[in-house]
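Computed from a predicted structure; not experimentally measured.
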Amino acid sequence: MEAKRLIVNGNTALGIELGSTRIKSVLIDLKGQVLAVGIYDWENSFVDNIWTYSLEEIHTGIRNCYSSLRKEVEKTYGVSLQNIGAIGISAMMHGYMALDKDGKQIAPFQTWRNTNTQKAADELTDLFDFNIPLRWTAAHLYQRILDKEEHVKHLDFVSTLSAYIHWKLTGKRVIGIGDAAGMFPIDSNTYDYDAGMVKKFDELLEPYSYPWKMKDVFPKVLVAGEDAGMLTEEGAAFLDETGMLRAGIPLCPPEGDAGTGMTATNSVAPGTGNVSAGTSTFAMIVLEKQLSRVYREIDMVTTPAGFPCAMSHANNGTSDLNAWIGIFKEFADLMGMQVETGALFEKLYTNALNGDPDCGGLLAYGYYSGENITMLNEGRLAFLRTAESKFNLANFMKVHLYTSLGAVKMGMDILMEDEKVKVERIMGHGGFFKTKGVGQRYLAAAVNAPVTVMDTASEGGAWGIALLAAYRIDKHAGEKLEDYLEKRIFGELSGETIIPYAEEVEGFRVFMKRYQTGLAIEKSAIEVMDW
């Protein structure tokens, strides 16, 4: 009855996150407790050598996800969802969404997975003396310019997916600072795009005589808690096909999945870190000071509040692992066994604990796409073994779990070994940790540090952006985001911490030696497998 009252009175916050394989909506009360969840599964397409989602898929997906949540509220509480305290939109970071002055899309949406920007990323990195990864929006935009694409002269708005959806709902061209940090370098002192680099970028583009400058077409940067606009009548109609959702609901700044991951794991203060593991895998460490030099393997981004943050981002995570689970599901169906996919994941993940610490000499690469950390612009999927390898089901699953952390581990080593970054705690979240005690245990072995997974970890970034929406309307005057989360949200939540096992730390070290040596095989596969 209390939850029903909160929903009717709008004492709630809604977070919607557009992930790589799932759009998820989470409705919470203002203490962070989950009231209802909506889900819509989708998948990117590879069209004309571009990883993309069509505009129709994007619109249909977010509407269906909201519809799923609305129906869950009606079923569980017997009330219609009309008023919400605040809304937050999150999505995959980076990429390239381009609109003209009429708000029409003028180029295919390019996701973070695309690595067709090498020349642009290299030139901008040299120009700025700051690492610009291939997936960043600035790299995509400059590559379109280098490729002399006609649409660039008609640009009026360039954004990430989260900022695009936010614009559809509010009419405001704004973006959260964490997501903005995946578009263009941020100055954490001014909470805006780095002015010196903006000037260099505009000067670089002067010979092209475009009718716009960089800040004309990029969204305005906002930090967590700032006013990011209200849900318009058009926005409400766009999101809710029933027409019941009321306009006028405040929205928080739209954020990327890295920022929502930090929020969902209470990892927004210096000295904290988290690993988000799913379709892509990334580790975020909030820094007390800048790194000593530029690393092409490390992104420098920010928390939703603007603290500098080092990110080891691997494009490839569990996609290949999920595909193998699909093969086992096919086999079960063929044999007439009715097995739910969730139960299959749990059984196979848990059985991996019976494998050898080094996976019995097996090796795998789940490179659906290029991988920036290992400097490969394309990917090939590979499973490798020798005649002496211990080939059994436990080791087979274990190597695919290990390799989901392989690339991100290389970036983490730079931070923890080369830069001596101190981390007080590592939090894990995402689908990789859904089976209790498995992915968490392997991450602990990878980083050789205790890893905590909260009970809310499976709700992931959608819960994180819901918290940022709650912070937008529920914070006390002057209350910092890290204090709000520590005192008013996470103080009442529980989780479990796993200490690394010495034999698994050593086993992961042996696996990583094979992983790095075997990259030569992956490179050869890219050259040979061109069909």
List in chain and number order the residues that pass side chain to side chain donor-acceptor pair (under 3.5 Å) with [X], two or more places apart in sequence or in another chain; answer none if no residue qualifies.
X      : result
Glu2   : Arg5
Asp194 : none
Tyr193 : none

Query raised in the report: Considering the options Val301, Asn131, Thr160, which one meets the side-chain contact (heavy atoms from CB on, under 4.5 Å) requirement together with Trp136?
Result: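 Exactly one candidate clears the test, Val301.
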Decide yes or no for [X] and [Y]: does some side-chain heavy atom of the first lie under 4.5 Å from some side-chain heavy atom of the second?
X      : Y      : value
Leu485 : Tyr471 : no
Tyr295 : Asp418 : yes
Ile132 : Met300 : no
Ile498 : Val451 : no
Leu348 : Thr350 : no
Leu169 : Leu251 : yes
Leu239 : Ile16  : yes
Phe184 : Phe130 : no

Taking [X] for the side chain and [Y] for the main chain, is one N or O donor matched with an acceptor at less than 3.5 Å?
X      : Y      : result
Ser267 : Thr265 : yes
His140 : Tyr96  : no
Glu255 : Ile89  : no
Lys24  : Ile39  : no
Thr76  : Glu72  : yes
Ser404 : Gly317 : yes
Asn114 : Thr111 : yes
Thr137 : Gly95  : yes
Thr279 : Ser20  : no

If we count only N and O atoms by modelled type, under 3.5 Å, do the side chains of [X] and [Y] hold a donor and an acceptor together?
X      : Y      : value
Ser162 : Asp179 : yes
Thr497 : Thr452 : yes
Asn44  : Arg113 : yes
Glu371 : Tyr365 : no
Gln110 : Thr52  : no
Glu486 : Asn266 : yes

Locate the shortest heavy-atom distance separating [X] from [Y]; write the atom from each residue and the value.
X      : Y      : value
Ile177 : Gly306 : CG2-N, 3.8 Å
Gly32  : Trp463 : O-NE1, 2.8 Å
Asn316 : Gly370 : ND2-O, 3.4 Å
Ala469 : Leu14  : CB-O, 4.1 Å
Ala470 : Ala13  : N-CB, 3.7 Å
Ile175 : Pro219 : CG2-CG, 3.6 Å

**Report entry** Arg22 CZ to Tyr40 OH distance, which is reported to the nearest 0.5 Å
**Finding:**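 Arg22 CZ to Tyr40 OH: 12.5 Å, rounded to 0.5 Å.
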Query - Pairwise distance OG1(Thr374) to CD(Glu522) - rounded to 0.5 angstrom - result: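 CD of Glu522 is found 7.5 Å from OG1 of Thr374.
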Query raised in the report: Can the ring centres of Phe433 and His429 be said to be less than 6.0 Å apart?
Result: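 Ring centroids of Phe433 and His429 are no less than 6.0 Å from each other.
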Query - side chain to side chain contact (heavy atoms under 4.5 Å, CB included) between Glu297 and Met410, intermediate numbers included - result: CA-CA 8 Å; Glu297 300 91 341; Met410 293 172 64; over 6 Å; no
Query raised in the report: What residues form a salt bridge (charged side-chain N to carboxylate O under 4.0 Å, His left out) with Arg441, not counting sequence neighbours?
Result: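 Checked Arg441 against salt bridge (charged side-chain N to carboxylate O under 4.0 Å, His left out); matches are Glu504.
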**Report entry** Sequence-distant partners of Lys4, salt bridge (charged side-chain N to carboxylate O under 4.0 Å, His left out), two or more places apart
**Finding:**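 Residues passing salt bridge (charged side-chain N to carboxylate O under 4.0 Å, His left out) with Lys4: none at all.
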Requested in this report: For the residue pair Phe383 and Trp324, categorise the inter-ring angle as parallel (less than 30°), tilted (30 to 60°) or perpendicular (more than 60°).
Outcome: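 Answer is perpendicular, since the angle exceeds 60°.
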Taking 4.0 angstrom as the limit, do [X] and [Y] come out as a salt bridge?
X      : Y      : result
Lys475 : Asp483 : no
Glu479 : Arg488 : yes
Asp299 : Arg135 : yes
Glu496 : Lys436 : yes

Exceeds 12 heavy-atom contacts within 6.0 angstrom, atom [atom1] of [X]:
X      : atom1 : value
Glu346 : CD    : no
Lys168 : NZ    : yes
Lys329 : NZ    : yes
Arg472 : CZ    : yes

Query raised in the report: What do the steps show when you test Tyr484 against His476 for side chain to side chain contact (heavy atoms under 4.5 Å, CB included), and what is the final call?
Result: CA-CA 8 Å; Tyr484 169 81; His476 295 153; over 6 Å; no
**Report entry** side-chain hydrogen bond (donor to acceptor under 3.5 Å, both in side chains) between Thr260 and Glu17, worked out
**Finding:** CA-CA 9 Å; Thr260 60; Glu17 181 158 282; 2.7 Å; yes
Report task. With side chain to side chain contact (heavy atoms under 4.5 Å, CB included) as the test, would you mind laying out the steps for Leu381 and Tyr368 before giving the verdict? Result -> CA-CA 6 Å; Leu381 302 159; Tyr368 264 76; 3.4 Å; yes
Exercise answer: donor-acceptor pairs, residues 508-519 side-chain atoms, under 3.5 Å, sequence neighbours excluded:
residue : atom : partner : partner atom : Å
Arg509  : NE   : Glu506  : OE1          : 3.0
Arg509  : NE   : Glu506  : OE2          : 3.3
Arg509  : NH2  : Glu506  : OE2          : 2.6
Arg514  : NH1  : Asp358  : O            : 3.2
Arg514  : NH2  : Asp358  : OD2          : 3.0
Tyr515  : OH   : Tyr367  : OH           : 2.7
Tyr515  : OH   : Ala407  : N            : 3.3
Thr517  : OG1  : Lys513  : O            : 2.9

Report task. Could you walk me through whether His313 and Val408 pass the side chain to side chain contact (heavy atoms under 4.5 Å, CB included) test, one step at a time? Result -> CA-CA 6 Å; His313 185 292; Val408 80; over 6 Å; no
